[in-house]
Amino acid sequence: MVWGIENSRELYGLKGVLNSQLFDINEKGQLVIRIKNKEIPVAELLEKHDLPGANIRVLPWIGLMIDYIAGLFIEYIKNYGYRGSFKPVYPLKVNHNDMVLTSIKRYGEKYGWGWEAGTLPEIQKALSYRTRGLFVVDGVKDLKGLEKVVMNKEAFGEAIIDIESIKEAKLLDKIREKLGEKIRVGLRIRPMFRGESIWSSSSGLTSKFGLPLSSIYKILDEQPWIRDRIVMLHFHYGSQIVTKKALEKMFTEMINTYAVLKSELLPGLKYIDTGGGLAFDYESSCSGSAYSPDYTFKEYVETMINIFKEKSKEYGIEEPDIVFESGRAIVAPHRISVAKVVDIRPYISDLTTDVELVDKIRSAKTIKELSDIARESENIINRLLSYTDNIDLKRREILEGLIETLYREITRKAKDLYLENKEALSQLEENIRMGRPLYKFLVSPSKRFVLSFSIFSILPDYVILNQYFQPVPCTKLDKKPDVLAAISDITCDSMGEISEYISSLPKGFTEIFTEKDNRLLGIPGKRVILRGIPLHLPSGDEEYYVAFLHTGAYQDPLSMSHNMINNYPEIIIDEDDKGDIIISYKDSSRDDYPL
Ligand SMILES: *Cc1c(COP(=O)(O)O)cnc(C)c1O
């Protein structure tokens, strides 16, 4: 069997509704950015200016996501006869980069996109990107910020000031005179249902955010004037809510709370701010894991609107306007982070040691037999590794060689057994499912690739929460990957390493072993976590780059400057008024230069 680019599309997740629109592989095996019927090879963008790495920003993709998601809402609202309207706002927290905000304003204008800001600097920034849309101020953290909004209120379509404590209601009362009659208030509700995501501490009765019911009563009691100004309930269950079941629970809680409060206490309610939470499929596998929702964007919209409509009918209330406040899904795709491989090292060793066990490995007839030998080998390795006292060079050489030899022989044998007899697949799968030692051998890296970047600076959420960002080689995609490799960055920090790869090969995929180190690329029809990234060994002086996809949400604001590595060069892909593509380079260590 020969490896083709279709295999690479499957292995590296360049498929599915979204990724197949954004990326492809050309006949030279290069990863390309697809835009306006053009294909731009990623590696060539970097080679052109001899960059060690860069963040590539594809600004029209922000427009693509806006059109896509707004389109789903508008269409479904119309087709389903929902009587509330769609009011999108962009939360600055997700990425406040000026190019991002300019793009949100530019592409969001026709849908009336507004802003959500929570801090004084965010409020100031949002004020410089005025739109006709809503302006949700999340919390009255200080009066200075609020006054800024109030003084600028003419500049905005509509401002809504959210309160989330009794103290904030008091603060609001202090500037009531200045607020005038127009200003409107939202209540940030503390959700009871916990959102079931990595960030679900944003919800639940002990959450940091939002008002418990008792405080709402107290506010209305102490500040009776506020009742008439309250137009919105604001919910946020945390970012990246990955299951449809969780969506159903949260939308139900939202509309139930809204309906009861509107009927019994707050007749002026008109909006539900549904917060963030729309999850992005970083794995491109729809698996329901932390970085891959089990629902589509379309299902998110349909689930929300169906529940809101049914429940509104049940309670006999008008259907609320929907404030959509997700940012992650809108901006995640627009940034691709690329880094050059500057060194390739052995993961353990390059030595070989003669050991009797090798004969036994070579004569194994089945995966089951091999699995038992792998267990024996693991025990031997663990025992040897525990003797580090008084180890001389000779012993160390034998030890390094022994471990490497066992890895090499066991993986080679597994591949041979698979090639001889495809029945071996189910045995392999069982080893993976049971977490047996053979599995560890088969998914372990044999190389360490050093990339000229800082994970702290480019992918901070990997360091903070082990967030998955899809790695894809920028060239050689017409060839089978040679090895599984751990990726190291150039910081002096052991956390600067990525060695997890999520593989979701489709059923019927047959090329499941790497070319050179005989490691597993996955199991067809299963989601498998590999302990190394499938990569190619570049030949001679060949440049080899690795891209990490979808790094546009949160990574810019959270970027750290560990080891003074920051300010990565930027390659900006934009369009002019005529819709022609323009590519420009920005490198803060040099002068800006146009291409
Ligand atoms: C973080 C945050 C958002 C954005 O959520 P995403 O799911 O990451 O898009 C929206 N609203 C509030 C209140 C937030 O704190």
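Just so you know, ligand 1 is whichever comes first in the structure, and atom 1 is the first atom listed for that ligand. Note that this is a predicted model, so its numbers are computed, not measured.
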Kindly assign one of parallel, tilted or perpendicular to the pair Tyr468 and Tyr501, based on the angle between their ring planes and the thresholds 30° and 60°.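 Geometry flag for Tyr501 against Tyr468: perpendicular rings.
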Classify the angle between the aromatic ring planes of Phe280 and Tyr282 as parallel (below 30°), tilted (30 to 60°) or perpendicular (above 60°). perpendicular
Top protein contact for [atom], by heavy-atom distance:
atom	value
atom 15 (O) of ligand 1	Lys93 NZ, 2.7 Å
atom 7 (O) of ligand 1	Gly277 N, 2.6 Å
atom 10 (C) of ligand 1	Glu325 O, 3.3 Å
atom 5 (O) of ligand 1	Gly276 CA, 3.4 Å
atom 9 (O) of ligand 1	Gly327 N, 2.7 Å

Pairing of Lys93 and Glu122 as salt bridge, 4.0 angstrom limit: no
Using a cut-off of 6.0 Å, state whether more than 12 heavy atoms not belonging to Tyr80 lie near its atom OH.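 Enclosed: over 12 neighbouring heavy atoms sit under 6.0 Å from OH of Tyr80.
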Are there more than 12 heavy atoms of other residues, nucleotides or ligands under 6.0 Å from atom CD of Glu299? yes
Of the side chain and backbone of His236, name the one, both, or neither that has a heavy atom under 4.0 Å from an atom of ligand 1. side chain
Using a 4.0 Å heavy-atom cut-off, say whether Arg188 meets ligand 1 through its side chain, its backbone, both or neither.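 The answer is the side chain.
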Do His234 and Glu116 come close enough that some side-chain heavy atom pair is under 4.5 Å?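 In contact.
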Ligand 1 and Tyr554, any nitrogen or oxygen pair closer than 3.5 angstrom? yes
Reference residue Phe73; test ring-ring contact (aromatic ring centres under 6.0 Å, His included); the match among Tyr82, Tyr68, Phe86: Phe86
Could you tell me, atom by atom, which parts of ligand 1 come under 4.0 Å of a heavy atom of Asp138?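 By the 4.0 Å cutoff, the relevant atoms are 13 (C).
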Should you measure from each heavy atom of Ser239, which atoms of ligand 1 turn up under 4.0 Å away? 6 (P), 7 (O), 8 (O)
Quick one: does Phe209 get within less than 4.0 Å of ligand 1, heavy atoms only? no
Is a side-chain donor-acceptor pair under 3.5 Å present for Ser454 with Thr491?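 Their side chains do not contain a donor-acceptor pair, so the 3.5 Å distance test is not met.
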